[in-house]
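Can you keep this structure in mind? I'll have questions shortly.
Hydrogens, waters and symmetry mates play no part in the numbers below; they use all other heavy atoms, side chains included. Bear in mind the structure is a predicted one, so any value in this text is a computation, not a measurement. In what follows, chains are A, B, ... by sequence order, proteins preceding strands, each numbered from 1.
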Protein chains: 2
Amino acid sequence: MRSDLTTKARIRDASLRLFADEGFEAATVRRIAAAAEVSPGLVVHHYGSKDGLRAACDEHILGLFDGLLGEAQVADQELAAALGEEPTQKFGSFAELFPGDSPVLPYLRRMLLTDDERARAILRGWYDLTLGLLLRWRDAGVLDPGPDPQVRAAALLAMDLGGVLLRGPLSDMLGFDPLAPEGIDRWGTDMYSLFALMLTPDAKGTP
Amino acid sequence: MRSDLTTKARIRDASLRLFADEGFEAATVRRIAAAAEVSPGLVVHHYGSKDGLRAACDEHILGLFDGLLGEAQVADQELAAALGEEPTQKFGSFAELFPGDSPVLPYLRRMLLTDDERARAILRGWYDLTLGLLLRWRDAGVLDPGPDPQVRAAALLAMDLGGVLLRGPLSDMLGFDPLAPEGIDRWGTDMYSLFALMLTPDAKGTP
DNA sequence: GTGAGGTCTGAACGCATGTTCAATACCTTA
DNA sequence: TAAGGTATTGAACATGCGTTCAGACCTCAC
């Protein structure tokens, strides 16, 4: 496989941006071609059809998230040994994983918006991870996930992804972009402090 | 089997559903007309254009939320007198305001995800209300909104709306629809219990 | 050199779209 | 009953869409 700046990859990246920003139907083959500085015919030549192009984009993005989920699972396993040790610091957020101008989060947003089945599957992976975390820490006496851990895990995920999906309106309200590098700390700090409320008094005492 | 609404309202409701479910571009005038059991020409006759129809839908939905916000503000004022009295029970969620099959939440979802400016304005109203609530209750010693109340208010809003925006995937994960009448209690209960973590020990003691 | 095979273009095609318009049906008011 | 406005239709139109295709261009192997 060749380097990633081939014309074919350039077309995919251009369509990634347009699909994410404007939606699949609104992004036309002609404008994708213009953005990638090629002819419309070449787009079809490389990807067979507009649907084929979308599939390639999906694959690309889902691959990234799958890899990420794998890393998170590994990190989770490693963490399982050192239980009770600053769990708050390990409760990472989606938003911190990608640079502010990356098209990855906007594209995920689009996939979730269109209820893509595979986006759901990715989400389910993160849900399982979160729920597992809550239960394990509960059993270790570190954390109280409330009366309904499954719903609690879903709510935490909803809050995290709500930040991704509502990035624009939230920036409006707060006066800063909570997902941009400059704002992620302020956003993340409060997420942590809200999460920390679930820690048991014992765990709170030992920072 | 036609409804007893006027033809014009029937067209608007049909397009409301289609816009919400499939997006503005994907919902064609012809299919809207078919859903409303009229001819394509009549749609344009009543609303001038497809854009005019969208504007009418926006107006309809935004009107509903404006009215709701007004009611919430009134309720908030009334509550201000009886401060400290079961604040948890008054922390309502978006999702509980509409029946499960109403197109209102799906349409709001669509507006938020297309970054409609007026949807942002509506959201800002709810944000201001939430933030005001947090600050007032903090000053009354009932609640601790954490180190950054503005971000906290935004995060709570993100969680609430995250439920709306991710309804499909969440239903998948949880095995029940958290926004349907049968599931809203279970979802709402955990939202309450998470919110209750912010109450100060004094307030917690007095149910 | 020459031909094969991939890359790339731009015009063309068929189709679905939003919109227009003349014609018809319905309903009110005089 | 007559008139006039509104509601409604369905065919027609222009436009932009995804896609096709013949051919030009490039790059190697022989």
Within residues 46-54 of chain A, those residues having any heavy atom closer than 4.0 Å to DNA chain C are His46(A)

OP1 or OP2 of dG16(D) sitting under 4.0 Å from any side-chain N/O of Thr28(A)?
->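 Answer no for this pair, as no side-chain N or O of Thr28(A) is under 4.0 Å from OP1 or OP2.
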
Whole angstrom is fine here: how far is it from CD1 in Ile11(A) over to C1' in dT7(C)?
-> 10 Å

Taking NZ, NE, NH1 and NH2 as the nitrogens, is one of them in Arg124(B) or Asp128(B) under 4.0 Å from a carboxylate oxygen of the other?
-> yes

For residues 29-39 of chain A, pull every pair meeting side chain to side chain donor-acceptor pair (under 3.5 Å), keeping only residues two or more places apart or in separate chains.
-> Glu22(A)-Arg31(A)

Side-chain heavy atoms of Gln150(B) within contact of Asp190(A), under 4.5 Å = no

Output all residues satisfying salt bridge (Lys or Arg N to Asp or Glu O under 4.0 Å) with Glu59(A), sequence neighbours left out; order by chain, then residue number.
-> Arg118(A)

Hey, does the side chain of Tyr127(B) reach the backbone of Leu170(A) with a donor-acceptor pair shorter than 3.5 angstrom?
-> no

How long is the line joining NZ of Lys8(A) and C1' of dC8(C), in whole Å?
->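 The distance from NZ of Lys8(A) to C1' of dC8(C) comes to 15 Å, rounded to the nearest Å.
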
Answer yes or no: does a side-chain N or O of Thr7(A) lie under 4.0 Å from OP1 or OP2 of dC8(C)?
->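 Affirmative; the distance criterion is met.
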
Could you check which residues of residues 29-44 of chain A get a heavy atom under 4.0 Å from DNA chain C? Sort them by number, please.
->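 By residue number: Arg30(A), Val38(A), Ser39(A), Gly41(A), Leu42(A).
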
With sequence neighbours left out, write down each residue that passes side-chain hydrogen bond (donor to acceptor under 3.5 Å, both in side chains) with Asp185(B), or none if nothing qualifies.
->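 For Asp185(B) there are no side-chain hydrogen bond (donor to acceptor under 3.5 Å, both in side chains) partners, ignoring immediate neighbours.
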
Tell me: NE2 of His45(B) to P of dT24(C), nearest whole Å?
-> 17 Å

Nearest heavy-atom contact between Pro149(B) and Gly146(B) is CD-O, 4.1 Å

Kindly write out the residues that satisfy salt bridge (Lys or Arg N to Asp or Glu O under 4.0 Å) with Arg109(A), not counting sequence neighbours, or none if the list is empty.
->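 Salt bridge (Lys or Arg N to Asp or Glu O under 4.0 Å) check on Arg109(A) returns nothing, list empty.
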
Between dG16(D) atom C1' and Glu22(A) atom CD, what is the distance in whole Å?
->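 Taking atom C1' of dG16(D) as the reference, CD of Glu22(A) is at 15 Å.
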
